[in-house]
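Quick caveat: nothing in here was measured; it's all calculated off a predicted structure.
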Amino acid sequence: MLQHSKVLILDFGSQVTMLIARRLRELGYYSEIKSYKTDITEIRNFKPDAIILSGGPFSVYEKESPTKDVKEVLEVAPVLGICYGMQLLAHQMGGAVESAKHREYGHKPVEWKKAFNNIPNKVNVWMSHGDVVTKIPTGAQLLCTTEDHIAGFYSDRYWALQYHPEVSHSEYGKEVLQAFLETFKVKADWNAKSLVSECTDMVLKTVGPTDHVLCALSGGVDSSVVATLLTKVLGADRVHCVFINNGLLRLNEFENVLAMYKKIGLNVHGVDKEKEFLTALAGLTDPEKKRKAIGKTFIDVFDQVIGDELKHAGGKIKFLAQGTLYPDVIESVSSVGGSVTIKSHHNVGGLPEKMNLKLVEPVRYLFKDEVRKLGSELGLPADMIGRHPFPGPGLSIRVIGEVTKEKLEVLKKADDVYISALRREGFYDQIWQAFCVILPVQTVGVMGDGRTYDSVLALRAVTSIDGMTADWFDFPSSFLKKVSNEITNKVKGINRVVYDVTSKPPATIEWE
């Protein structure tokens, strides 16, 4: 770990712990999440400048609730307790926590007892708790209150907040987090140059001086940035990039992206494995089974490819590089064990022993927008790093139900019309992610003088900062009318177009 300030977040099972890390990164503070079970020795070795105790769906006075020796943690660094973290501080430091007569959920006004620059005396914040602190610890002072309860307290070593400053619903949330860190003299020194230095350092400490790396390219931003970083750090002769056509890419994407990779100097060759992936997906309709099948086929295909690459590299390939991001890791693995896995990620969880390769994941601790900044710092063209996120399983999870070559061809053509229209009308760069979904529903239509019975296509477009939450993009009705007409005219097999107006939560961004 290079020399910059670090904030450690101990996760007690909150569904929004990731947002704490995200907000701190936005403010310029490097942050990392670890389980509350993390040993105190490991916490000390991390050398955090501050520690945050997250929220969680538990009551501190229950025997089975997750716990941590707060006094021991306070010996390492100043602490901010959020929601459950606040209650844990109160419970262990001489305060009192009780079940509330009425659960506090949603917006609540709080009144500050301590003045901050640019933060009003009263703000609306987001509450989500069933217990309340009825007595603050000895030596602590009130930080803020609601009309009914204690909403925060502080001392010369810790702060505690009952509400969630990390969520966008809380007014001045980032400013409050910044005030805590500035109070305890934590420097905001995480920036684009830090990204390059940190990722370079990770590569050099992971990959030996003569080791070669096999890099699986997907055509997306993450793997493209990883391949470019590795090539700049290790040299093109040691980084062997493989771009596989799994049949699940967008229209003409395999040919176009392969040419682009060669243009920017990557040591890459394309491998056509469309048949293998479509065979693996045949008959599957459950999205988790699709993901698992693609993940297994990915490994099987690479097992075949590695033989040729090893011969070419003289047996020096020791690592497989992946563009795994921090949200991938958190969504796949719960720190507490009680959280529900929303969806599995095919590039998280390691490799079969028979591949005899180790993983190198240079951007494993980065968010998507940080990867884009890294790519820009590395000199990648704007049209590459500005591409919308594309899922690892590709178009397979945008065909609801069984995936067939025929459905994919229809979806690819419709997607090309949609994305081209977004670029043409100037919407593309305003949107975090946009795509089409072909539904397992056929409806009656009229084209010319004939009756049709074709598929329904759903359009999706969302705005987001990090993909953890998202709002649907509010297109002008004239655009939706125009693009719907263009799709039904140009794409045979689609006779009805609908637009998804659901945010995340309650929905996910992708349909599967």
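- In this structure, Asp69 has no side chain to side chain donor-acceptor pair (under 3.5 Å) partners at least two apart in sequence or on a different chain.
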Could you tabulate the donor-acceptor pairs under 3.5 Å formed by side-chain atoms of residues 43-51, not counting sequence neighbours?
unit_1	atom_1	unit_2	atom_2	d
Asn45	ND2	Thr41	O	3.3
Asp49	OD2	Lys6	N	2.8

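- Legend: residues meeting side chain to side chain donor-acceptor pair (under 3.5 Å) with Lys193, ordered by chain and number and at least two apart, are Glu377.
- For Tyr365, the ring pair (Phe, Tyr, Trp, His ring centres under 6.0 Å) criterion is met by Tyr326, not counting sequence neighbours.
- Residue pairs meeting the salt bridge (Lys or Arg N to Asp or Glu O under 4.0 Å) criterion with at least one partner in residues 145-155, sequence neighbours excluded, are Lys108-Asp148.
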Side-chain donor/acceptor pairs under 3.5 Å, residues 172-181, sequence neighbours excluded:
unit_1	atom_1	unit_2	atom_2	d
Lys174	NZ	Glu26	OE1	3.1
Gln178	NE2	Glu182	OE2	3.4

Would you give me the side-chain donor-acceptor pairs under 3.5 Å for residues 211-221, sequence neighbours excluded?
unit_1	atom_1	unit_2	atom_2	d
Asp211	OD2	Gly208	N	2.9
His212	ND1	Asp237	O	3.4
His212	ND1	His240	NE2	2.8
Ser218	OG	Gly220	N	3.1
Ser218	OG	Ser223	OG	3.1

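- Remark: Phe243 pairs with Phe254, Tyr261 by the ring pair (Phe, Tyr, Trp, His ring centres under 6.0 Å) rule, at least two apart or across chains.
- Scored by the salt bridge (Lys or Arg N to Asp or Glu O under 4.0 Å) test, Asp131 finds no partners at all (sequence neighbours excluded).
- The ring pair (Phe, Tyr, Trp, His ring centres under 6.0 Å) test applied to Trp190 returns His4, Tyr30, not counting sequence neighbours.
- For Tyr84, the ring pair (Phe, Tyr, Trp, His ring centres under 6.0 Å) partners at least two apart in sequence or on another chain are Phe12.
- Residues passing the side chain to side chain donor-acceptor pair (under 3.5 Å) test with Arg250 are Glu253, sequence neighbours excluded.
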